[in-house]
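Note that this is a predicted model, so its numbers are computed, not measured.
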Amino acid sequence: MSSQLDDMYRDIILDHFRAPRGKSKLDKKDFSSGGHNPSCGDEIEMDIKEENGVLKDIHVKCRGCAISVASGSILAEAVKGKPFEEVVKIAEEVRKILKGEEGVLSEDLEDVDALKGVRKFPVRVKCALLAWLTLIEGIKNYKSEDGKENPTISTDEDDK
Amino acid sequence: MSSQLDDMYRDIILDHFRAPRGKSKLDKKDFSSGGHNPSCGDEIEMDIKEENGVLKDIHVKCRGCAISVASGSILAEAVKGKPFEEVVKIAEEVRKILKGEEGVLSEDLEDVDALKGVRKFPVRVKCALLAWLTLIEGIKNYKSEDGKENPTISTDEDDK
Amino acid sequence: MPTKTDKRTTGSGRNDTGIDTNAVRADFPILTREINGHPLVYLDSAASSQKPKAVINSIVDYYENYHSNVHRGLHTLAEKATNAYENVRGRTAQFIGAPHVEEVIFTRGATESINAIASAWGDDNVGEGDEIVITEMEHHANFVPWYALAKRKNAILKKISITTDGQLDLSNLSEIITERTKVVAVSHMSNVLGTINPIKELAQAAHKVGAILVADGAQAVPHMPVNVSELGVDFYAFSSHKMLGPTGVGVLWGKKEILEKMQPFLYGGEMIREVSFEKVTWADLPNKFEAGTPNIADVIGFEAALDYLENLGMDNIRRHEIDVTTYAIEQLSKLKGITIQGPHDATMRGGAISFTDADIHPHDISTFLDSKGIAVRAGHHCAQPLMRAMNIIATARASFYIYNDRKDVDTLCNALTQMRSYFGL
Amino acid sequence: MPTKTDKRTTGSGRNDTGIDTNAVRADFPILTREINGHPLVYLDSAASSQKPKAVINSIVDYYENYHSNVHRGLHTLAEKATNAYENVRGRTAQFIGAPHVEEVIFTRGATESINAIASAWGDDNVGEGDEIVITEMEHHANFVPWYALAKRKNAILKKISITTDGQLDLSNLSEIITERTKVVAVSHMSNVLGTINPIKELAQAAHKVGAILVADGAQAVPHMPVNVSELGVDFYAFSSHKMLGPTGVGVLWGKKEILEKMQPFLYGGEMIREVSFEKVTWADLPNKFEAGTPNIADVIGFEAALDYLENLGMDNIRRHEIDVTTYAIEQLSKLKGITIQGPHDATMRGGAISFTDADIHPHDISTFLDSKGIAVRAGHHCAQPLMRAMNIIATARASFYIYNDRKDVDTLCNALTQMRSYFGL
Ligand SMILES: Cc1ncc(COP(=O)(O)O)c(C=O)c1O
Ligand SMILES: Cc1ncc(COP(=O)(O)O)c(C=O)c1O
């Protein structure tokens, strides 16, 4: 079943784990969002720069397992430069896919697609989800409250 | 194993069950004692007449199973006319015997001896014990407090 | 597998109720036993049912092949055990018509389930002068927790009395369930009288005054189709061991909205989200109510019991029991000295039949029957208030289940006749 | 019976500690399983141990031959079941050196045992401003119940900190345990660090100020000789499932004088003497604390576990685990990137070894090891306060028991080495 192991830890995932993208801090951020996973201990923080409804730049700091780190890194790469509307749509599709529902990803999101392997390890799904849920929550919060407060989400609520 | 059944319900026991002794009420009583067995529902009441340290007469009223009724009847017959000292001694020996310890009964107490068969049915031991413990408690109480109060004992405390 | 059951029947065990008793009996290893030289006639299922091979096997299979502690484990065994365990939650929800899986909480038994409600829900929702309504026919499990709550809170414990034929007396219900009532706790089926209580009506009466209804389903779930949504109750409690499942497992079902607001009743691992010296936060349903390592093996065994029951069909089981109960009441009624407690119409009751003999104490009845291989229970059946209301000390109780048939009734009645002559009556 | 164990060892499994691991392994059906194409190496016994055939068989034997509800039953099966069940109480008392049989209360697990103490004893004995002392290394089961009690009562939760090598820091004990202290609750052996705590000393310190000592023995009883009288504790709690026994059974041991004064924590059948609407009186020990139908089958299975352990000898088991733990610490220490938590001297600790990798998260460690058939646990091990104190998120934990040997350590270490290269480190 080492092949199943390789399904989860695909080369793309391991590559992101070893050299996470979005590492460099932003000179200026418009809002932040944080998330954690009490049962795993995974923690993520992200700073985001906005310009005209576009996610201009993102900094992701994740302390956790290979899956959560890789997922944060893949996210950073996938959403940078995209309009928030599209970003949220992608994040929602990823959530669906990880939860085993139908979800559609455009072809250029090959790395995001690599997260699919996690589905065979149900307990790890929330590790992969953490970054995406944190981003969705951050954007929602930024839009509704002009980012006055940093949300903190906990993926254990998505646990069952 | 019907023979084991017959061990408990010996002819002597069945005879006492069908025609309990000590049924007639006393014209005058010096003290009373009551006992019950909450888990079984067995209830016993006894009135006793004393004369010069001798248990002159006894009335036993028992509502319960064949064993408790027979035991009360056997008791009535066995203790009537005996000095309290001897009565208590007999009751203590019966207690020992029913609890599986060594106990000695004089030869004239053949009917009391018939209670031994109950020992093969541990859950029924307290039914056989009820009358004897109630008597012991009654005498103890009469001696210490001049019978001011009727004790009520509960053999469930002897349950384990 | 040839079993002793083959000997005991001359005809087929199948009756027109859809249950083939002979086939069922062959699934229960213990039923081939002899007791005191006679084939076991087990008429004590209301105390605890026997277990089919499938239930026993599923426990063995679990321990031999995939035992591990559940939750949080990332290794294969932990995942298998967790999936199997959580799967039973869904099966249970479906079995009792629960709308949400996470409303099913596994406890150690009906007693713990009811205690959990009385303490976790009760402590927060019942105050001084409030009223708690129970009935005269409750099992101590649905009596003492409410008595203790009333004591703790200076609340008032009120009772619905029983009629002479062992039904709830609802004639003055509006005086009993009032604006001060916070909870009505009622047994769905009496373990002594067999009476099936009108839970749906009582739930409506409770809701009208803003109270909740707690149903003790320990005797009902094993014997008839139960749908908590249709009943409209707020909490429902029952035990695995009375419905073919292992000992050590119970179910607490509660409405999601209520459970979500309710405080935990046991604290420890798995029921928390975050723990520090400063602050502890609870996990979501159902974990909030399942502190510590659950009884994994027996919950999994419980699923095999659910499968077995569903395979027979709860409607068929109910029909079968009405048939046997009708016959038993008919036959027992013919016997000299015997009085049957509770409703005599089997469609209004379950198959637990309490009876007394005019001259012989229930304990002697039980001991005598045991000498003939017949297991019945005798005593107050953990229902002392009911005994008091009926003004009897104790009863003997024969209770029937899927593996019993009319022949067992005949065996019982013959033995009871012999008994009276044995005691010289 | 030829099992896969035969393949995995070249020499004898016997070491000089008196435990023949190969013989032991042959008694555990699950250990012949393959996981992901590799023979199972089960290193998760601190979460839950595997079960020997004797334990499984005793459950089967019970259900197939003498299942019945216990107590009050007068028929043969009820008497057999009751005797068997009650017999285990005596065996358990003897196993932990309890002076009185009736001090042994069967619960559903260590978690419930501790909750019972914190609520039934705690509610009556801890008041506003009183102090509850726990330690930084407690399992949530011995943390959250005390936290909740402190909240309920406005009492103060104080902690004994840990030293950097994972021991209790007793340097300022007299400041922590004071005249206001009502209870000191301490794990006998840490499930994360393996540390064996000085229970006897702590009990003395507690008693000096009139407090009681509650020991969480969930990890200790399975792995070393425990004598509650010698320890001088007031309460002791543990679980069957971590010591070869079935899930769903725990033990609450308490001093007779204390238990006699303590209120019940569950109400229902069997725990009462008399019940009426006006008054309820409690049964004597131990029944007062065992409301409802107990987990009969698993308590009986638990006895088989006690037999198995006693047959091996708890002293031998302890010696065997010191041997394996010593070797494991030695070998793990050699690995690049691996840090071992807790005491490094195996005579001061049990066989649960938590470790971290500098670059790889414990969850990835566990998942990787699982792909090699090795079961270890990863996470906070229900000890978040300890994780915070050690400033780590989680650990991987390999825990050893009677069926593990030095070969298992080798298998683990080889896999950990492969792991680092798999993750490109
Ligand atoms: C009506 C009723 N309620 C509650 C219970 C308690 O169930 P348990 O002992 O399994 O907790 C019983 C069984 O004895 C019962 O018959
Ligand atoms: C130290 C310690 N205490 C308490 C517990 C709780 O035991 P259980 O989950 O069996 O109730 C555990 C096991 O997880 C433990 O390791």
Side-chain angles (χ1 to χ4, degrees), chain C residues 29-30 35-36 47-48 50-51 56 59-60 63-65 67-69 72-77 108-109 111-112 115 140-141 143-145 147-148 157 159 241 246-248 266-269 272 274-277 280 291-293 295-298 363 366-367 370 375 377-379 382 384-385 388, chain D residues 29-30 35-36 47-48 50-51 56 59-60 63-65 67-69 72-77 108-109 111-112 115 140-141 143-145 147-148 157 159 241 246-248 266-269 272 274-277 280 291-293 295-298 363 366-367 370 375 377-379 382 384-385 388:
Chain C
I30 203 172
I35 298 288
N36 298 329
S48 194
Q50 296 301 342
K51 320 302 171 198
I56 303 170
I59 297 171
V60 172
Y63 283 131
E64 294 197 343
N65 290 300
H67 169 63
S68 158
N69 212 325
R72 305 192 192 288
L74 296 165
H75 56 77
T76 303
L77 294 178
R108 67 145 117 155
T111 299
E112 191 181 50
N115 273 272
H140 293 162
F143 186 113
V144 191
Y147 171 91
L157 194 64
K159 67 177 170 200
H241 72 94
T247 57
L266 279 181
Y267 306 98
I272 53 87
E274 283 187 88
V275 175
S276 73
F277 278 85
V280 176
T293 304
N295 189 349
I296 311 163
D298 293 330
H363 286 177
S366 174
T367 303
D370 185 55
R377 201 143 283 240
C382 295
Q384 291 182 355
R388 210 162 282 120
Chain D
I30 204 173
I35 297 288
N36 298 328
S48 194
Q50 296 301 343
K51 320 301 171 200
I56 303 170
I59 297 171
V60 172
Y63 282 131
E64 294 197 342
N65 291 298
H67 168 64
S68 158
N69 212 326
R72 304 192 193 289
L74 296 166
H75 56 76
T76 304
L77 294 178
R108 67 145 115 155
T111 298
E112 191 182 50
N115 273 273
H140 292 163
F143 186 113
V144 189
Y147 170 92
L157 194 63
K159 68 178 168 198
H241 72 93
T247 57
L266 278 180
Y267 306 98
I272 52 86
E274 284 188 85
V275 176
S276 73
F277 277 85
V280 175
T293 304
N295 189 348
I296 312 164
D298 293 329
H363 286 176
S366 173
T367 302
D370 184 55
R377 200 142 284 240
C382 296
Q384 289 182 357
R388 210 163 282 119

Shorter than 4.5 Å, heavy atoms on both sides: which option in [options] has the most such pairs with chain D?
| options | value |
| --- | --- |
| C:V144, C:L77, C:I30 | C:I30 |
| C:N65, C:L157, C:I56, C:T293 | C:N65 |
| C:H67, C:R388, C:H140 | C:H67 |

Heavy-atom check, side chain of [X] versus side chain of [Y], under 4.5 Å:
| X | Y | result |
| --- | --- | --- |
| C:D370 | D:L74 | no |
| C:R377 | C:S48 | no |
| C:E64 | D:K51 | no |
| C:L266 | C:E112 | yes |

I'd like to know which of D:A141, D:P246, D:S276, D:A291 tops the heavy-atom pair count under 4.5 Å against chain C. D:S276
In terms of heavy-atom pairs under 4.5 Å with chain C, which of D:N69, D:T111, D:V60 leads? D:N69
Quick one, D:Q384 with C:I272, criterion side-chain contact (heavy atoms from CB on, under 4.5 Å). Give me CA distance, side-chain angles, the key distance, then yes/no. CA-CA 10 Å; D:Q384 289 182 357; C:I272 53 87; 3.9 Å; yes
Residue C:Y63 versus chain D: region with a heavy atom under 4.5 Å: both
Engaged part of C:I35 at the chain D interface, taking heavy atoms whose separation is under 4.5 Å: side chain
Portion of [X] that has a non-hydrogen atom of chain C nearer than 4.5 angstrom:
| X | result |
| --- | --- |
| D:F143 | side chain |
| D:K159 | both |
| D:F277 | both |

If we count only N and O atoms by modelled type, under 3.5 Å, do the side chains of C:S366 and D:H75 hold a donor and an acceptor together? no
Distance from D:N295 atom CG to C:N295 atom CG, nearest 0.5 Å? 5.5 Å
